[in-house]
Amino acid sequence: MPHDQHQHDPTSPVTTVQLNHTVVHARDRQLSSEFLAVILGLKVGAPFGPFLPVDLGNGVTLDYYELSDEPIQAQHYAFLVPDEQFDAMIARLETVGVTYYADPGHTEPGHINRWFGGRGAYFDDPDGHNMEIMTRPYARPGHA
């Protein structure tokens, strides 16, 4: 397997701050993790304690954790995706009957945006988390 510049060798010291994982609350961790994995073209990993991880391929995992008796607080997760995979992701959303939107407020159904020279879309996961796929990172003031 070729060396991925984003993968961290666990035996070497970390030299920069990096996001390693975050917990995503879900009513049904299997359903929600599989939903995202299918849309993004990824796989759900083996259970790790109470978590079901979706490995994003850059050393970061989303660790799905089931909350069956508490309300789920909707969060926003944005994924920078390869341009050549964007259309397939939109097609998978259409196949499973999930509406996508051009904007985070979900006022432009069935449309994508073309912000920062790329393409992007927003959609809800089964727990109401506002997911975003984009092919170009946002241009932020003070960043090259």
Side-chain angles (χ1 to χ4, degrees), residues 1-9 14-144:
M1 177 180 242
H3 176 70
D4 185 331
Q5 67 183 8
H6 297 292
Q7 295 296 326
H8 177 72
D9 176 354
V14 175
T15 58
T16 62
V17 175
Q18 302 170 22
L19 180 64
N20 178 265
H21 67 277
T22 192
V23 173
V24 180
H25 291 155
R27 283 264 164 264
D28 179 333
R29 70 181 190 166
Q30 191 74 42
L31 173 72
S32 294
S33 61
E34 286 180 6
F35 169 82
L36 185 67
V38 164
I39 298 306
L40 297 182
L42 302 171
K43 293 183 179 170
V44 175
F48 181 72
F51 305 107
L52 266 182
V54 175
D55 186 340
L56 300 178
N58 63 344
V60 177
T61 60
L62 297 182
D63 294 341
Y64 280 83
Y65 180 79
E66 202 159 297
L67 284 180
S68 54
D69 298 330
E70 298 176 40
I72 303 292
Q73 175 64 48
Q75 301 293 321
H76 173 64
Y77 299 92
F79 305 96
L80 187 59
V81 302
D83 188 68
E84 62 272 8
Q85 294 179 27
F86 185 84
D87 291 333
M89 292 175 189
I90 293 294
R92 289 192 286 268
L93 286 166
E94 291 172 342
T95 298
V96 298
V98 172
T99 303
Y100 57 91
Y101 303 84
D103 63 308
H106 293 197
T107 64
E108 299 178 55
H111 295 279
I112 66 168
N113 65 61
R114 297 194 178 275
W115 300 337
F116 306 104
R119 297 182 293 160
Y122 295 80
F123 59 95
D124 281 344
D125 84 340
D127 296 294
H129 295 300
N130 191 13
M131 304 300 198
E132 177 182 5
I133 54 175
M134 58 186 178
T135 62
R136 294 284 185 279
Y138 290 171
R140 300 181 188 273
H143 291 83

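The residues of the chain are indexed from 1 along the displayed sequence.
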Considering all heavy atoms, the nearest [X]-[Y] contact:
{"X": "Ala26", "Y": "Tyr64", "result": "CB-CD2, 4.0 Å"}
{"X": "Tyr101", "Y": "Thr107", "result": "CD2-N, 4.1 Å"}
{"X": "Arg29", "Y": "Pro47", "result": "NH2-CB, 4.3 Å"}
{"X": "Pro53", "Y": "Thr61", "result": "CB-CB, 4.3 Å"}
{"X": "Gln30", "Y": "Ser33", "result": "O-OG, 3.2 Å"}
{"X": "Pro109", "Y": "Thr99", "result": "CB-CG2, 3.8 Å"}

Are Val24 and Asp63 side-chain neighbours, meaning at least one heavy-atom pair lies under 4.5 Å?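 No, side chains not in contact.
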Side chain to side chain, Met134 and Leu80, heavy atoms closer than 4.5 Å: yes
Test side chain to side chain contact (heavy atoms under 4.5 Å, CB included) on Ile72 and Leu67 and set out the steps. CA-CA 7 Å; Ile72 303 292; Leu67 284 180; 3.9 Å; yes
List the steps, then state whether side chain to side chain contact (heavy atoms under 4.5 Å, CB included) holds for Leu93 with Ile39. CA-CA 6 Å; Leu93 286 166; Ile39 298 306; 3.7 Å; yes
Would you indicate whether Tyr77, at its atom OH, is surrounded by more than 12 heavy atoms from other residues, nucleotides or ligands within a distance under 6.0 Å?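 Yes, the 6.0 Å shell around OH holds more than 12 heavy atoms from other groups.
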Atom CZ of residue position Phe116 - does it have more than 12 heavy atoms of other residues, nucleotides or ligands inside 6.0 Å?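 Yes, the 6.0 Å shell around CZ holds more than 12 heavy atoms from other groups.
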Just by distance, no angles: are the side chains of Glu66 and Ser68 close enough, under 3.5 Å, to form a donor-acceptor pair? no
When you compare the side chains of Tyr100 and Glu94, does any donor N or O come within less than 3.5 Å of an acceptor on the partner? yes
Side chain of Asn113, backbone of Ala102: donor and acceptor closer than 3.5 Å? yes
Check: Glu70 main-chain N/O paired with Arg27 side-chain donor or acceptor under 3.5 Å: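 Answer holds: yes.
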Assess whether side chain to side chain contact (heavy atoms under 4.5 Å, CB included) is satisfied between Arg136 and Trp115, documenting all intermediate values. CA-CA 8 Å; Arg136 294 284 185 279; Trp115 300 337; over 6 Å; no
Rounded distance [0.5 Å steps], [atom1] in [X] versus [atom2] in [Y]:
{"X": "Leu62", "Y": "Leu19", "atom1": "CG", "atom2": "CG", "result": "8.5 Å"}
{"X": "Arg92", "Y": "Leu40", "atom1": "CZ", "atom2": "CG", "result": "7.5 Å"}
{"X": "Met89", "Y": "Ile112", "atom1": "CE", "atom2": "CD1", "result": "13.0 Å"}
{"X": "Met131", "Y": "Phe35", "atom1": "CE", "atom2": "CZ", "result": "7.5 Å"}

I need the full list of side chain to side chain donor-acceptor pair (under 3.5 Å) pairs touching residues 126-135, with sequence neighbours left out, sorted by first then second residue.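 Every pair satisfying side chain to side chain donor-acceptor pair (under 3.5 Å) with a residue in residues 126-135: Ser32-Asp127, His76-Glu132, His106-Asn130, Tyr122-Glu132, Glu132-Tyr138.
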Exactly one candidate in Val54, Leu42, Val44, Leu52 meets side-chain contact (heavy atoms from CB on, under 4.5 Å) with Glu34; the answer is Val44
Salt-bridged, Asp83 to Arg119, with N to O below 4.0 Å?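 Looking at Arg119 together with Asp83, the answer is yes, because their closest N to O distance falls below 4.0 Å.
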